[in-house]
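Worksheet: the structure to be examined is printed underneath.
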Amino acid sequence: MKTANKPAKAPAKAPKAAAKPKVAFFDFASCEGCQLQITNLGETLLDILGAIDVVEFREAISEKWDKDYDVVFIEGSIGDHHAEERLKKIRARAKVLIAYGACACTGGVNGMKNSFKLDEIREHVYGPDYKWFDSTPTKAVHQVVKVDYFINGCPVYAPEILEVVKHALRGLPYTVPDNPVCSECKLNENVCMYERGVACLGPWTKAGCNSWCVNNGNICYGCRGEVSNPSKAAQDVITKYNLKPELIKNKFDMYNKCKENDQKPGKGK
Amino acid sequence: MNQHILKKEELDAFIKKLAKRMKVVAPVAKGYDNFAFAEVTSADEIALKYVPTILPPKKYFMPVREKVLEFSADAKGFTQKPVVEYEETAIFGVHTCDLAGISCLNMVFSERPRDYNYLTRKDHLFIIGLECLSYCDEHASCALVNSHLPNGGYDLFFTDLGDKWIIHVNTQKGEDLVEGMGLPKASAADLAALEQARAAKREVFKNEIGVEAKKLPGIFAKAMKSKVWHGVGERCVSCGNCTNVCPTCYCFDMADSVGLDLRTGARTRTWDSCQFETFAKVAGNENFREERSERQRHRYFRKFSFPLDKFNRFFCTGCGRCTRTCMAKINLKETLKELAAEHN
Ligand code: SF4
Ligand code: SF4
Ligand code: SF4
Ligand code: SF4
Ligand code: SF4
């Protein structure tokens, strides 16, 4: 497999997790839908639970473990100063950190906040007393601390959770596929959404979900984030299928707004 | 070998009898003028008039994902077991362009080191061709490469004679099947009707790009630095669709995956595409075909130049799939015409 061009790549030698590793889950700004995916693992979940030792799961065990963590899963994006500090503290105690889900990996839908002026959006959400409520532009986890593994997707794709867990247990780097979703969609022999007259973000979005949405009759919403070298020439696609360019751009901003943090010099990583 | 006859109203019985002997797959409509080979058990599920399927029948010879090896490592040491999965299958309704594609793959996978997974599976596939007497659509270029006519590579081959099909029997397996089903031999009048159908076809199928096929090697010999690739490269979105749907593309990726016990695992091969950014990237992040234009050029050379030296034939069957599927309107016939115009 080939290496993903994520700003914070899994290092060639990812830190190796211990034999029965101590694992913790923390959430930040998210819908917690990705945690739900863990329960969708079914029997595989029991196997995973046999291989790890969960010391904290969300608020359930509430940060009582006072030693280091072998593996932490971070769900959610970072949207205020308090969250940044909390994340840095967790990172300092974690041997391996996994960004879990679109919000953590790319900022996810929370990134839409960055399409507005911060104070305007604060006022809109919190009302006239908004200054009392801490808020910062949305960041993905790697834009605050170093990330060892990425599990993309909104929600995460269960077979990929398993793959990443196995890589982490073996101390091997995991490579997020950097081909477009079309590559999997074609192998699944779906009728292309464009043939149905609907715009789909598959050509610009990282594969790895086995074209999950298209298999189920939806378009790809771009939840796994943009491929590292997307084609700039969407123009032909747009004209071939008589679409409006803004349409694609707007659809893209739903999940990919935080990418701009990576591109602004001095911001993020 | 012999020619036999199947009346059209008997197709359903034919498919049903065949389905009792083995799995039968045939083109099936998926809506929006898209078709795919899928399992059928009766004739009414089959799209007899169809535009080439999304994926060519190569998916039965070389599955999109295929387990090729199982391994385990424990205190006793390391063991491995090769895996070949196959199923007795009849592929009904294969057009001549796709028969040509299968011939190309047969050559590739018979080369040493032989690909036993492919070759074993091939022995369990029964191929029933179906002739096109008119074009599937405007993207076809099968006459350019002479794959609009049957050229072997099948067990049985059906040609429409109005209220019946005349069936050319090409193998012993095919002979056994039609004899077993008691299909009558074709009469002299049927053979004359076949001749007539072919003569009419010659009037319909003409070189689709107005450039003779024998000029293509010369054109490609001068095309390495052509500007055409830049135009194509600027439009391409690297979706890989053009190669995934191509009946003669065979590149794959291999990956080992280990179970949660961290001791047992399997090796899987999956179709890959030279159009992907990652395809020609090697350790140290060096990429031998970094630009989309280089990758597109490679694809065309892989169809019209390299295989000529190695196998003495084009590896384009003119099926038109790459053009139909391209997200960016990159059109094979147009690209060939542009290249030809540049050097004339
Ligand atoms: S449906 Fe979407 S993902 Fe599938 S081939 Fe079409 S554009 Fe690509
Ligand atoms: S198809 Fe697109 S939106 Fe759906 S899971 Fe995959 S990347 Fe996400
Ligand atoms: S290059 Fe295009 S037209 Fe030629 S065989 Fe491949 S898919 Fe068909
Ligand atoms: S490309 Fe030619 S042989 Fe193939 S389906 Fe079309 S008309 Fe038939
Ligand atoms: S199908 Fe078109 S856009 Fe996709 S890789 Fe091929 S040439 Fe490029």
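In this text, all values refer to a predicted model and were calculated from it rather than measured experimentally. Order of the sequence lines fixes the chain letters, A, B, ..., with proteins taken first and strands second; residue numbering starts at 1 for each chain.
Closest non-hydrogen pair, L332(B) versus Y300(B), comes out as CA-OH, 3.4 Å. What you find for K303(B) and C246(B) is that their closest heavy atoms are NZ-SG, 3.3 Å. A pairwise comparison of heavy atoms in C242(B) and C322(B) identifies CB-CB, 3.8 Å as the closest pair.
Heavy atoms closer than 4.5 Å to chain A are found nowhere in S273(B), neither backbone nor side chain. L262(B) touches chain A through its side chain: at least one heavy atom from C-beta onward sits under 4.5 Å away, while N, CA, C and O do not. Only the side chain of T270(B) comes within contact range of chain A, with heavy atoms under 4.5 Å apart. I48(A) touches chain B through backbone and side chain together, each having a heavy atom under 4.5 Å away. Both the backbone and the side chain of N241(B) come within contact range of chain A, with heavy atoms under 4.5 Å apart.
Listed options G50(A), S183(A), P203(A) were ranked by heavy-atom pairs under 4.5 angstrom with chain B; first place goes to S183(A). Annotation: maximal heavy-atom pairing with chain B below 4.5 Å, among E189(A), K186(A), R196(A), K166(A), occurs at E189(A).
Taking the centre and axis of the six-membered ring of F252(B), the NZ or CZ atom of R269(B) falls inside the cone set by 45° and 6.0 Å.
Between R295(B) and E277(B) there is a salt bridge, since at least one side-chain N of the basic residue sits less than 4.0 Å from a carboxylate O of the acidic one.
Taking the six-membered ring wherever Trp is involved, the centroid distance between the rings of Y149(A) and Y174(A) does not fall below 6.0 Å.
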